[in-house]
Number of protein chains: 2
Amino acid sequence: MTPIPGGERRRGKVTMRDVADRAGVGLATVSRVINGKPGVAAHLAERVRDAARALGYRHDVTASSLRRADRRTGTIALVLEDVANPFSSVLHRAVEDAARAESMLVLTGSSDENPERERELIDTFTLRRVDGLIVIPTGRTDAELAAVRRQGTHVVCADRLVELDQVDTVTADNREGTRAAVRRLLDLGHRRVAFLGDMASIWTARERHAGYLEAHAGRRIDERLVRREIRSADAAECAIHELLDGDDPPTAVFTAQNLLTIGAVRALQRRGLQDRVALIGFDDFPLADMLRPGISVVAQDPAEIGSIAARLLLGRIAGGGDRPARHVVVPTTYLARGSGEIPPRR
Amino acid sequence: MTPIPGGERRRGKVTMRDVADRAGVGLATVSRVINGKPGVAAHLAERVRDAARALGYRHDVTASSLRRADRRTGTIALVLEDVANPFSSVLHRAVEDAARAESMLVLTGSSDENPERERELIDTFTLRRVDGLIVIPTGRTDAELAAVRRQGTHVVCADRLVELDQVDTVTADNREGTRAAVRRLLDLGHRRVAFLGDMASIWTARERHAGYLEAHAGRRIDERLVRREIRSADAAECAIHELLDGDDPPTAVFTAQNLLTIGAVRALQRRGLQDRVALIGFDDFPLADMLRPGISVVAQDPAEIGSIAARLLLGRIAGGGDRPARHVVVPTTYLARGSGEIPPRR
DNA sequence: ACGTTTCCTGGAAACGTTTCCGAGAATGTA
DNA sequence: TACATTCTCGGAAACGTTTCCAGGAAACGT
């Protein structure tokens with residue numbers, strides 16, 4: 001129950017008016033000094049700064065953005081799938097760095113791949129009058145995104161393609177990355193390459209599947225080897241067991257997502273087949289190089305994606321918001337670690 | 001004078017005044033309806049809601065918090081070490097969930113373990129008038145945190161102990177978790193247990209080291225086995241090599257942090273000693289169970305830490321901000337996976 | 001019937017800034 | 001010296017809300 005010592009007198013209540021009075025100048029002058037605007041005599045500026053320091057003045061960014069002509073709040077928002085998942089959080093970090101460089105702050109939220117939740121987040125963020133929005137869209141919110149754009153807030157989509165006016169998109173080269181990797185397996189002599197994929201509602205999942213098909217150009221694909229709509233490591237593990245238990249099992253597996261790769265590794269290890277069945281995963285994950293064998297992956301560059309998305313957004317905020325939409329594709333890299341180099345068993 | 005409000009489609013410019021005019025009521029009434037305050041006739045409320053919908057009115061939270069009596073912005077800030085590291089991002093997610101439950105938003109920033117950067121973030125956040133602050137403190141910012149508290153913003157520290165008036169802290173049980181784990185190694189018969197630790201400026205690093213010492217109660221410790229101030233996986237890898245190259249090398253290793261554990265695993269694997277030298281790490285990491293042998297760890301619960309920190313903060317924001325500081329300790333769990341169960345070589 | 005209380009309502013005054021504008025002072029030009 | 005121009009500065013009007021307050025209508029008690 002002890003009162004806070006010192007400064008309690010007027011808790012964080014010292015305003016520009018107070019500074020002006022103490023410095024013996026007008027309110028407008030204080031504003032100019034604080035904002036570093038030119039056209040105020042050096043000795044006055046000094047007096048103002050002294051007064052501000054003496055009083056412990058703290059500029060109120062909230063109030064300031066209210067009146068400010070451009071209404072900018074110096075905040076951008078980031079709608080991720082889940083701030084805790086590695087892809088999202090690395091992207092987040094890249095965005096933070098780019099934003100900091102222009103002294104902008106970042107608000108974040110996790111949509112959990114749920115369109116309803118994504119809508120809710122977008123709504124909350126725009127109510128706060130953020131200057132811009134970077135979204136990993138669930139894919140069912142095009143209308144909302146268009147509305148946001150129309151309302152004046154800048155939007156950039158990351159990781160997944162969206163085709164909207166004045167909405168930039170930056171994605172990885174999902175299709176080509178997958179095509180090249182599956183092609184490698186075929187070139188190695190594999191004839192039965194299984195595919196494990198995520199929900200087809202997700203753009204990246206569809207692209208990767210398309211890459212798988214393209215790699216087979218001409219050849220027949222046994223549909224029983226293609227498993228989509230798999231949502232977890234456990235489900236992937238089951239799927240692998242089923243595939244291997246079937247007759248004419250695959251000699252190689254392509255897993256189109258992080259967690260699915262891990263499920264596949266687990267299944268193969270359990271059966272002691274990790275050195276017999278080839279495996280390539282999409283998206284790198286920590287420690288992939290330390291498993292036996294090392295897991296070969298098609299690595300994307302989430303930091304690069306985030307960084308480009310941020311730059312596009314900040315560009316729009318700073319300057320032309322009405323430039324046409326741009327679509328940037330970030331290449332993927334194949335990392336050969338062993339599991340993808342296993343030849344077909346003969 | 002004013003043009004008819006129906007025709008103008010000004011971009012995001014429709015204000016409460018417009019709604020009031022269209023509904024034919026006063027400004028105050030609109031405010032009451034929007035904020036769901038009681039004491040407005042049902043038919044008027046309906047008219048207001050209709051008008052708002054027709055005009056596409058969007059409530060301006062920024063302006064609203066300016067005048068609002070409690071000056072609350074509905075935002076809390078989170079200063080992490082790095083939003084991209086797993087510990088931070090899992091904690092972040094827990095905070096987000098707790099915040100969302102009270103419809104609060106979360107601003108985040110990464111300090112990179114740099115006090116200057118932490119100060120900068122704290123400063124920026126308080127300028128935005130956030131309602132509260134959760135910080136993983138670098139350990140050199142007590143003065144700033146106290147100042148923030150004095151200025152009226154609520155503060156909770158996570159992961160690392162801080163002793164300040166009215167600042168709650170929630171940490172893992174670093175010392176006891178480490179003590180018990182090292183004790184296990186000793187009980188297994190190990191007599192030379194090495195310790196790899198992070199920068200001693202970090203509270204958790206000091207605590208874990210203290211736990212290591214406590215476990216040895218009575219026994220002599222060979223100081224050459226204790227390596228502190230190690231900051232990266234690479235450095236840890238080097239340290240392990242040096243230890244093993246020395247005469248009288250350790251038969252077991254305790255790594256007091258995530259990255260150091262990974263470095264140690266790498267070093268042991270490279271020498272083919274992963275089944276001869278015991279290893280226990282502090283803090284779990286993904287895939288630890290899939291390595292050969294599985295890596296035993298002292299697991300902390302970052303989600304629980306974040307969740308408790310958020311609840312403490314939200315509690316202070318909602319109610320008594322002047323309750324005395326509370327210090328919550330979250331227990332750790334030992335996960336036996338093999339590497340910690342290797343007996344000393346005889 | 002009359003005074004009191006209670007309820008609704010809308011005008012106006014904040015909130016802490018930025019920006020507009022006009023008044024002097026200072027400088028430049030003829 | 002006179003006049004136009006530029007430069008500084010402060011008062012006052014926004015910004016979009018919430019809250020205070022006072023007035024009128026309706027409900028109540030006697």
Side-chain angles (χ1 to χ4, degrees), chain A residues 10-49 51-52 55-74 126-131 151-152, chain B residues 2 5 10-48 51-52 55-74 126-129 131 151-152:
Chain A
R10 7 156 85 224
R11 222 167 59 165
K13 281 290 186 189
V14 34
T15 149
M16 268 195 176
R17 184 71 262 166
D18 301 329
V19 177
D21 290 348
R22 177 180 241 259
V25 304
L27 186 51
T29 302
V30 177
S31 174
R32 281 188 275 258
V33 173
I34 298 288
N35 290 49
K37 289 197 177 170
V40 38
H43 73 284
L44 273 195
E46 198 48 47
R47 275 233 303 278
V48 168
R49 270 187 289 269
L55 261 38
Y57 169 73
R58 316 221 70 216
H59 190 58
D60 188 324
V61 186
T62 306
S64 130
S65 76
L66 176 59
R67 183 52 169 91
R68 187 162 250 126
D70 50 14
R71 288 294 262 121
R72 281 178 49 178
T73 57
T126 50
L127 284 185
R128 306 266 165 154
R129 298 290 190 269
V130 295
D131 299 333
Q151 180 210 323
Chain B
T2 27
R10 286 180 306 173
R11 237 174 42 165
K13 281 289 188 191
V14 35
T15 147
M16 268 194 176
R17 182 71 261 166
D18 302 328
V19 177
D21 290 348
R22 177 180 243 259
V25 303
L27 186 51
T29 301
V30 176
S31 173
R32 281 187 275 259
V33 172
I34 298 289
N35 290 60
K37 290 196 175 169
V40 37
H43 73 282
L44 273 194
E46 198 48 47
R47 276 232 303 278
V48 168
L55 259 39
Y57 170 73
R58 315 219 71 215
H59 189 59
D60 188 325
V61 185
T62 307
S64 129
S65 77
L66 178 59
R67 184 53 168 88
R68 186 161 251 126
D70 52 13
R71 287 296 259 118
R72 280 178 50 178
T73 56
T126 51
L127 284 184
R128 306 268 163 150
R129 298 289 191 269
D131 299 334
Q151 181 209 321

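Letters A, B, ... mirror the listed sequences (proteins, then strands); counts begin at 1. These numbers were taken from a predicted model, which means no experiment stands behind them.
Straight-line distance from the CZ atom of B:Arg68 to the C1' atom of C:dG16: 17 Å, rounded to whole Å. Atom CG in A:Asp18 sits roughly 9 Å away from atom P in C:dG16 (whole-Å rounding). Going from atom CZ of A:Arg72 over to atom C1' of C:dT17 covers 17 Å, rounded to whole Å. C:dC15 atom P lies 14 Å from atom CZ of B:Arg129, rounded to whole Å. If you measure from atom CG of B:Leu27 to atom C1' of C:dT9, you get 12 Å, rounded to the nearest angstrom. One interatomic measurement links the two molecules: CE of B:Met16 to P of D:dT18, which rounds to 4 Å at whole-angstrom precision. In this structure, the CG atom of A:Leu66 is 4 Å from the C1' atom of D:dC15, given to the nearest Å. The distance between atom CG of A:Asp70 and atom P of C:dT18, rounded to the nearest whole Å, is 11 Å.
Within a heavy-atom distance below 4.0 Å of DNA chain D, the residues of residues 29-37 of chain B found are B:Ser31, B:Asn35, B:Lys37. DNA chain D is contacted by A:Ala41, A:Leu44 of residues 41-48 of chain A, taking any non-hydrogen atom closer than 4.0 Å.
The side-chain contact (heavy atoms from CB on, under 4.5 Å) test applied to B:Ser65 returns A:Thr62, B:Thr73, not counting sequence neighbours. Taking the side-chain contact (heavy atoms from CB on, under 4.5 Å) definition, one finds that A:Arg72 meets it with A:Asp70, A:Met104, A:Asp131, A:Ile317, sequence neighbours left out. Remark: B:Arg68 pairs with B:Ser64 by the side chain to side chain donor-acceptor pair (under 3.5 Å) rule, at least two apart or across chains. For B:Arg128, the side chain to side chain donor-acceptor pair (under 3.5 Å) criterion is met by A:Thr75, not counting sequence neighbours.
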Between side-chain atoms of residues 19-43 of chain A and protein atoms elsewhere (two or more places apart, or another chain), which donor-acceptor pairs fall under 3.5 Å?
residue	atom	partner	partner atom	Å
A:Asp21	OD1	A:Arg17	NE	3.4
A:Asp21	OD1	A:Arg17	NH2	3.1

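Here B:Arg67 contributes atom CZ and A:Leu66 contributes atom CG; the two are 13.0 Å apart, rounded to the nearest 0.5 Å. Note that CG of B:Asp60 and CZ of B:Arg58 are 10.5 Å apart. Values are rounded to the nearest 0.5 Å.
Picking from C:dT18, D:dT17, C:dG16 the nucleotide with the shortest atom distance to the side chain of B:Asp60 gives D:dT17. The side chain of B:Val40 sits closest to C:dT9 out of D:dT19, C:dT18, C:dT9. Comparing D:dT18, C:dT19, D:dG16 by their nearest atom to the side chain of B:Ser64 picks out D:dT18. Closest approach to the A:Val25 side chain among D:dT17, C:dG16, D:dG10 is made by D:dG10 (side chain taken as heavy atoms from C-beta onward). If you check C:dT17, D:dT17, C:dG11 against the side chain of B:Ala28, the one that comes closest is C:dG11. Minimum atom distance to the side chain of A:Lys13 is reached by C:dG16, of the listed D:dG16, C:dG16, C:dG10.
No side-chain heavy atom of A:Val61 sits under 4.5 Å from any side-chain heavy atom of B:Arg129.
Nearest heavy atoms, B:Leu127 versus A:His59: CD2-O, 3.2 Å.
A:Ala69 comes within 4.0 angstrom of sugar-phosphate atoms only, judged by non-hydrogen atoms across all strands, and of no base. When heavy atoms are screened at a 4.0 angstrom cut-off, A:Val61 is found touching no nucleic acid atom at all.
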Could you write out each protein N or O paired with an N or O of nucleotides 24-27 of chain D at a distance under 3.5 Å?
none

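A sub-4.0 Å separation between OP1 or OP2 of C:dT17 and a side-chain N or O of A:Thr15 is present.
Helical stems of DNA chain D (runs of at least 3 Watson-Crick or G-U pairs, donor-acceptor distances under 3.5 Å) are listed by first residue: C:1-30 with D:1-30.
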